[in-house]
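A quick write-up on the structure given underneath.
Lettering follows sequence order; numbering is per chain, from 1.
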2 protein chains.
Amino acid sequence: MSQIQDKKPAQGETGRSGNYQPVNLSLQAAGDSRGKRPKAYAQVAQSIRRQVLTGGLAKGERLPPERELADAFGVSRMVVREAIRALESDGLLQVRPGAGGGSFVTHDFDKPLGASINNLLAGGAITLDNLFELRLMLEAPAAAMAAVRGRRADIEDLARVVEQADDLADDSEALRAANLEFHRRLVALAGNPLLSSLCETVLAILVKSLQGRLNVELSRRVLEYHHHIVGALLERRAEDARRLTAQDLEQLHQRYNKMGIRVDVNPEAAAPAAGGREIS
Amino acid sequence: MSQIQDKKPAQGETGRSGNYQPVNLSLQAAGDSRGKRPKAYAQVAQSIRRQVLTGGLAKGERLPPERELADAFGVSRMVVREAIRALESDGLLQVRPGAGGGSFVTHDFDKPLGASINNLLAGGAITLDNLFELRLMLEAPAAAMAAVRGRRADIEDLARVVEQADDLADDSEALRAANLEFHRRLVALAGNPLLSSLCETVLAILVKSLQGRLNVELSRRVLEYHHHIVGALLERRAEDARRLTAQDLEQLHQRYNKMGIRVDVNPEAAAPAAGGREIS
DNA sequence: ATATATATAATGGTTAGACCAAAGGTTAGA
DNA sequence: TCTAACCTTTGGTCTAACCATTATATATAT
């Protein structure tokens, strides 16, 4: 009875238990093609992964409780938990304890993306300069693409973001946030979600290593560029948009280097920082 | 006794057990800063992650067996396993069963990177065109950078790769491999490991969706470009290198589209395909 | 002696059932 | 009506086995 199989639960009188979507459970072999014994947790993970990605389980929906999944898949609860742990790491699930809790479908792919880059940094495989360079390679062309593809209305929204930032001259934190929002939206205008994801991730890491060391003076200087960039976008001057964005980022990069900012090399990757409980 | 603590094992007469590096074990709280109870498996994962990334555990080294880790951390084996599962998903560990087996430190960060992008594709959040576009944005500038930064010797190596490919006119598979190798090395010349990682990942996904549908005619046509690119690199003509690479990739992209190739949208992410065991 | 088969031991993979802890819902009391 | 005590659901953890895989050593046959 080591064979893993799906005991599709009598899909009928579940009247009592669930408010979660009654899920289609089934297992396929997953693992190396080389006749290796497929590991149960890999199969379960694979099965759930498929359901999540093919829309069988919509974003935000809750999976059945671990115990029921274990029953349904015909495996022990631990196998299910290991599968969930892997999926959680992949950014496909988010788990919450307690009564209202459970495993919820999410699409947080930026998380593993960021974790990987963080790991590369922490492991010394890449430098902060590498990150800045990548950002430049992504955002400058993105600005050009935005000038070509961006919808008028969206560009005007972007313009408003910049204008609102003008009024925040005194609030350093808000100004910084507004500038970030600008870059986020600018990249979004390029219309390539993959590009957006990457930029978002890179930006998040860079921002983290800033940690409020960005002074108002620099922020306003940056804002200056943003005005020009918006102008270029509005007039569809792609090459200008590209160049201005590149200058904006290069200037920022130089500031970083002058300030001798080192990356926040906490090997946290996915996990945020310290909780409340002290440990021996 | 719910407190998690490190019972650092008497680091002495382990003469019998280990050929693995005697690891420094210790746990910190990990989790949300908001006084939430830190989950044991997250703490263990965090602790190991730190050791791996800060070099306390070198690449290729083996972790102590799960049972010993559990002892050392003062938790159950299950907690350790869940932690390992997450780290495996992060590309930090690779686990092998059996006698010679164990959990080995690896730095396979391309794996989660690729998994994320695969998930985005499978979930319909991005398209194959988005991928091609990103590749173009990365590789074309990379070629320009290579022309500037690439060491003479490395460029000459690259030239040899192209020349050797000339002799493979008949072997479609080998020719394809040689062309891939060209792009890989080209990007490496740019001297940005992060860029290399990304390109590697994107390329791998694109290649997978090709699956031998690339005919010899197209391969040779591509090879033509490679010759020109190498020429540009040797003479440090950065802009030419950029333009030629862009043309090379755009041509390939158009071919893809004409052939109506759809991405291999198997929600496999990290896990390769079917094993030998049938299920239910 | 060499090669092949077989036992041994180390280690991950899995099971079973129990109990703890968090968090939403319900109900009783003020 | 509001509050506080319970109750239930669900994830988190523990224990103690046993199964499966594989490298290594040992024995056996050639």
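For B:P65, the listed nucleotide lying nearest its side chain is C:dG12; candidates were C:dA9, D:dG12, C:dG12. Of the candidate nucleotides D:dG12, D:dT9, D:dC14, D:dC14 has the atom lying nearest to any side-chain atom of B:V75. You'll find that the side chain of A:A40 is closest to C:dT14, out of C:dT14, C:dG13, D:dG11.
Judged by distance alone, the side chain of A:N192 and the main-chain N or O of B:N130 form a donor-acceptor pair under 3.5 Å. Between the A:R62 side chain and the A:G101 main chain, a donor and an acceptor come within less than 3.5 Å of each other.
Pairs of residues two or more places apart, or lying in two chains, never qualify as side chain to side chain donor-acceptor pair (under 3.5 Å) while including a residue from residues 96-109 of chain A.
For A:P97 and A:V79, each mapped to the nucleotide of DNA chain C holding its nearest heavy atom, the one lying further toward the 5' end belongs to A:V79. Take the nearest nucleotide of DNA chain C for A:S76 and for A:G101: the residue whose nucleotide is more 5' is A:S76.
Nucleotide D:dT13 holds its P atom 7 Å from the CD atom of B:E82, rounded to whole Å. Summarising the geometry, the separation between CE on A:M78 and P on D:dG11 is reported as 16 Å, rounded to the nearest angstrom. Summarising the geometry, the separation between CZ on A:F73 and C1' on C:dT15 is reported as 17 Å, rounded to the nearest angstrom. Rounded to a whole Å, the CG atom of B:L63 is 12 Å from the P atom of C:dT11. As a whole-Å value, the separation of A:Q94 CD from D:dG12 C1' is 16 Å. Separating the CZ atom of A:R81 from the P atom of C:dT15 is a distance of 15 Å, rounded to the nearest angstrom. Summarising the geometry, the separation between CZ on B:R85 and C1' on C:dT14 is reported as 11 Å, rounded to the nearest angstrom. Taking atom CD1 on B:I84 and atom C1' on C:dT11, their separation rounds to 11 Å, with Å as the unit.
Annotation: salt bridge (charged side-chain N to carboxylate O under 4.0 Å, His left out) contacts of B:R160 (sequence neighbours excluded): B:D157.
When heavy atoms are screened at a 4.0 angstrom cut-off, A:G98 is found touching base atoms of the nucleic acid. Backbone-only engagement by A:R96 is indicated by non-hydrogen atom pairs under 4.0 Å involving sugar-phosphate atoms exclusively.
Under the Watson-Crick and G-U wobble criteria, each requiring two contacts below 3.5 Å, nucleotide D:dA5 is paired to C:dT26. The partner of D:dT30 is C:dA1, by the rule that a Watson-Crick or G-U pair needs both atom distances under 3.5 Å.
For B:R77, no side-chain nitrogen or oxygen approaches OP1 or OP2 of D:dT13 to under 4.0 Å. Between B:Y41 and D:dT13 there is no side-chain polar atom (N or O) within less than 4.0 angstrom of OP1 or OP2.
Judged by distance alone with a 3.5 Å cut-off, a donor-acceptor contact links the side chain of B:R67 to the base of C:dG12.
With hydrogens and angles left out, the side-chain atoms of B:S116 and B:N119 include no donor and acceptor closer than 3.5 Å.
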